[in-house]
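Reviewing the structure listed below.
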Amino acid sequence: MLSAERAYHLAMPIEFLHGRVLDPEELEEIRQQIEEFDSIEGIDPEVRGIVERNWPHLLAKLPPADDDV
């Protein structure tokens with residue numbers, strides 16, 4: 001039987017940032033940081049993609065994408 005923590009990590013998607021695989025702890029850190037910020041002035045397009053795929057409810061905290069301007 002899998003532990004709850006192990007099952008959580010297995011359920012996490014595989015994401016890449018600048019060609020490097022992010023581990024589940026790094027993904028969780030990105031999510032927590034975005035949730036904690038009051039305002040975000042700029043964001044890397046790859047990080048925006050990670051947010052769009054994993055936490056679409058947080059997109060409102062991000063500045064408009066370059067193609068939205």
Side-chain angles (χ1 to χ4, degrees):
M1 180 122 199
L2 293 174
S3 70
E5 181 179 350
R6 179 78 175 134
Y8 172 77
H9 290 304
L10 290 175
M12 290 293 293
I14 295 173
E15 290 287 355
F16 293 84
L17 182 60
H18 305 295
R20 186 178 67 79
V21 175
L22 296 175
D23 62 39
E25 290 80 15
E26 291 172 311
L27 281 173
E28 181 65 14
E29 185 176 333
I30 290 170
R31 183 192 61 78
Q32 288 176 351
Q33 288 178 353
I34 290 172
E35 287 179 340
E36 290 173 3
F37 289 141
D38 291 327
S39 66
I40 299 172
E41 300 296 321
I43 190 160
D44 183 283
E46 287 189 37
V47 174
R48 175 181 289 282
I50 291 169
V51 173
E52 288 173 350
R53 289 186 294 276
N54 294 282
W55 315 290
H57 64 282
L58 294 177
L59 286 173
K61 294 192 97 174
L62 304 182
D66 289 338
D67 57 344
D68 291 345
V69 178

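Worth saying up front: this structure is predicted, and the values here are computed from it rather than measured.
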Quiz item: What's the spacing between I30 CD1 and N54 CG if we round to 0.5 Å?
Solution: 9.0 Å
Practice problem: Could you walk me through whether E28 and Q33 pass the side chain to side chain contact (heavy atoms under 4.5 Å, CB included) test, one step at a time? | Solution: CA-CA 9 Å; E28 181 65 14; Q33 288 178 353; over 6 Å; no
Quiz item: To the nearest 0.5 Å, how far apart are CG in L58 and CZ in F37?
Solution: 12.0 Å
Self-check item: Nearest heavy atoms of F16 and I50, plus distance in Å
Solution: O-CD1, 3.8 Å
Practice problem: Evaluate the criterion side chain to side chain contact (heavy atoms under 4.5 Å, CB included) for residue pair L27 and W55; output intermediate values, then yes/no. | Solution: CA-CA 11 Å; L27 281 173; W55 315 290; 4.2 Å; yes
Quiz item: Judged by atom type as modelled, is there a donor-acceptor pair below 3.5 Å linking the side chain of K61 to the main-chain atoms of I40?
Solution: no
Practice problem: In plain terms, say whether R20 and E26 are close enough for a salt bridge, that is, a side-chain N and a carboxylate O under 4.0 Å apart. | Solution: yes
Quiz item: Under the side-chain hydrogen bond (donor to acceptor under 3.5 Å, both in side chains) test, which residues partner D38, sequence neighbours left out?
Solution: none
Quiz item: Which heavy atom of R48 sits nearest a heavy atom of P64, and at what distance?
Solution: NH2-C, 3.5 Å
Quiz item: For the side chain of E46 and the backbone of H18, is there at least one donor-acceptor N/O pair under 3.5 Å apart?
Solution: yes
Quiz prompt | Point-to-point distance, once rounded to the nearest 0.5 Å, from CD of Q32 to CD of E25 | solution = 11.0 Å
Practice problem: Apply side-chain hydrogen bond (donor to acceptor under 3.5 Å, both in side chains) to E52 and list each qualifying residue two or more places apart in sequence or on a separate chain. | Solution: none
